[in-house]
Amino acid sequence: MAIVESDPQRTQRLAQHYLIDAAASKRLSTTLGLVATALGFPHAQVNILDDTAQHTISDYPSGEVQTTAREYSMCQFTVADGPLAVGDLCLEERFRVLPGVRAGLARSYLGVPIRSREGIVVGTLCVFDAEPRVLTAKHLELIGQFGAIVEDQLEVMRRTSDLYHSGQSTTADLLSGLEGGEFAAWFQPVIDLGTNGVVGFEALARRVRADGVVERPGQFLSLAEDSDLIVDLDREVLRSALAPFVTWREARPDLRLAVNLSTRHLEIPDGVAAIRDLVIGAGAQPEWIDLELTETRALAAGGEARAAVTALRGYGFGVLLDDFGSGWSSLDWILGLPITGIKVDRAVAVALGTPIGDAVNQALRNLATEIDLAVVIEGIATQDQADRAAALGYRHAQGFHWTAPVPAAQAEKWLSYPEVLSEPAITPAR
């Protein structure tokens, strides 16, 4: 992400994009709870700062949304200076005079900046405690990884909010891109942590505009989900992924393909049959494919949903819950639908190496084992996380530690990993 020099008026305007409603604030609270427990702090917040005020848009554990004067906030220093870890706020004058410190509400603080899509700092993710703490570089590294997740979540919320103020022109642009063949599948390998070999790929949507600019899902997915175009987008990505995958399967008949599928397909007449027909028409078999149900839309795990998932299973597809562990809805679905596996959310992967993070990951892994579900942990960013995931019993993983999603021509090289591909190129566009 490009870093743009801040301008007060620009920052003031950008901050308004992130003043989310109560429902969006509640969605952030699950992540904040994991941040607080992983770092061992009792309080966590996401704050948006403009020229005069700090807007707490999500707070753990109180859920309170409030606005305070910027001059009284700790986060003003994180916005100005970057990541900040202070074990004892009472030891430095500029912190000691703050109302929260004087009142005994905060004695230790850990925070990282949150940037907008324009690369400008608009707020912070922070944790704090009424007691002094010993803070290390590992604490800063961990909250930095969580900060990247919060940035992504805020970007999706901003994108959704912007839709309601932009009329239909953006929908027309999305439709134009679909009709113009601008959407395609990029691939991220799924790694066997025991052998370090590739066992499959996840196909992820990318838009490649006529001028060569590559757009990530955060730039178009909310718009698609807010309309019926998500069905067309999913089908186009699947179609694009199957063409190279069928060829790869000739050399690697054990290879699997995972593709995201909106729950909208479960609701429309013949939606699941259309997916089957598309796969068979491309020369593939449903038994080769895992469909990852995204949870971006509310869907009760009963009646029609169960019938649709049962039909997918009957055709031979694997059916996984995506982003598992990031919300209680996952538990409803795992109990109510005949799924074959789960994808563990990257927010849970970030917490690997912390007591609560390891406990959560162990519990998820044990749950999957007990009810005979396949499990993949995504979002692995470091070798240490990969090692810890393996130690906790995970077999399959994916993430930027190996590579960002890449076009088919680059993905094919991963079929020979690790024997041949010793230095994989990581494509900047994620």
Side-chain angles (χ1 to χ4, degrees), residues 3 28-49 54 56-62 64 68 70-115 121-154 346-361 379-385 387-389 401:
I3 306 302
L28 277 175
S29 65
T30 300
T31 300
L32 282 184
L34 187 55
V35 172
T37 50
L39 288 162
F41 276 74
H43 302 282
Q45 291 180 340
V46 176
N47 296 299
I48 301 298
L49 283 78
Q54 171 178 294
T56 300
I57 62 172
S58 191
D59 178 274
Y60 174 87
S62 74
E64 182 179 1
T68 57
R70 175 173 173 146
E71 62 184 302
Y72 297 147
S73 74
M74 259 306 295
C75 288
Q76 64 175 308
F77 302 106
T78 300
V79 168
D81 302 331
L84 186 62
V86 185
D88 191 341
L89 296 166
C90 292
L91 298 181
E92 191 170 337
E93 177 65 20
R94 62 175 178 159
F95 305 140
R96 188 165 57 237
V97 299
L98 297 174
V101 179
R102 292 169 61 186
L105 300 176
R107 185 75 180 271
S108 52
Y109 171 92
L110 181 66
V112 290
I114 296 297
R115 295 184 180 276
V121 175
V122 292
T124 65
L125 167 66
C126 72
V127 293
F128 58 92
D129 191 359
E131 300 295 330
R133 295 293 190 95
V134 176
L135 300 177
T136 67
K138 181 65 177 178
H139 287 97
L140 274 174
E141 178 186 1
L142 185 56
I143 197 172
Q145 292 179 16
F146 276 119
I149 292 172
V150 170
E151 282 183 351
D152 285 349
Q153 291 176 325
L154 287 174
R346 71 184 181 113
V348 180
V350 166
L352 282 165
T354 67
I356 186 66
D358 286 350
V360 169
N361 277 282
I380 298 296
T382 67
Q383 183 62 51
D384 181 63
Q385 289 176 350
D387 292 341
R388 290 181 181 276
H401 171 56

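Just the heavy atoms: all of them, side chains too, but no hydrogens, waters or symmetry mates, feed the values below. Residues take their numbers from the sequence shown, with the count starting at 1.
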According to ring-ring contact (aromatic ring centres under 6.0 Å, His included), does anything in residues 122-153 pair up with another residue at least two apart or in another chain? List the pairs.
H43-F128

Does anything in residues 71-98 form a ring-ring contact (aromatic ring centres under 6.0 Å, His included)? List the pairs, not counting sequence neighbours.
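For residues 71-98: F77-F95.
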
Of all the heavy-atom pairs spanning [X] and [Y], show the shortest one and how long it is.
{"X": "E71", "Y": "L98", "value": "O-CD2, 3.7 Å"}
{"X": "N47", "Y": "C75", "value": "ND2-SG, 3.4 Å"}
{"X": "I380", "Y": "A349", "value": "CD1-CB, 4.2 Å"}
{"X": "V112", "Y": "P83", "value": "CG1-CB, 4.1 Å"}
{"X": "S73", "Y": "L49", "value": "OG-CD2, 4.0 Å"}

Just so I know, are the side chains of [X] and [Y] near enough to count as touching, which here means a heavy-atom distance under 4.5 Å?
{"X": "R388", "Y": "D358", "result": "yes"}
{"X": "L125", "Y": "L32", "result": "yes"}
{"X": "V46", "Y": "L154", "result": "yes"}
{"X": "Q54", "Y": "Q45", "result": "yes"}
{"X": "L34", "Y": "T37", "result": "yes"}

side-chain contact (heavy atoms from CB on, under 4.5 Å) involving [X] - partner list, sequence neighbours excluded:
{"X": "D387", "result": "Q383"}
{"X": "R107", "result": "D88, C90, P132"}
{"X": "D129", "result": "F41, P42, S108, E131, R133"}
{"X": "T354", "result": "A38, L142, A351, I356"}

Point-to-point distance, once rounded to the nearest 0.5 Å, from CG of L39 to NZ of K138:
10.5 Å

Is a donor on one side and an acceptor on the other found under 3.5 Å between the side chain of S62 and the backbone of E64?
yes

Take E92 and V86 through the test side-chain contact (heavy atoms from CB on, under 4.5 Å) and record every step on the way to the result.
CA-CA 9 Å; E92 191 170 337; V86 185; 5.7 Å; no

So for atom CZ, which belongs to R96, do other residues, nucleotides or ligands contribute more than 12 heavy atoms lying within a distance under 6.0 Å?
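Count over threshold, so yes.
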
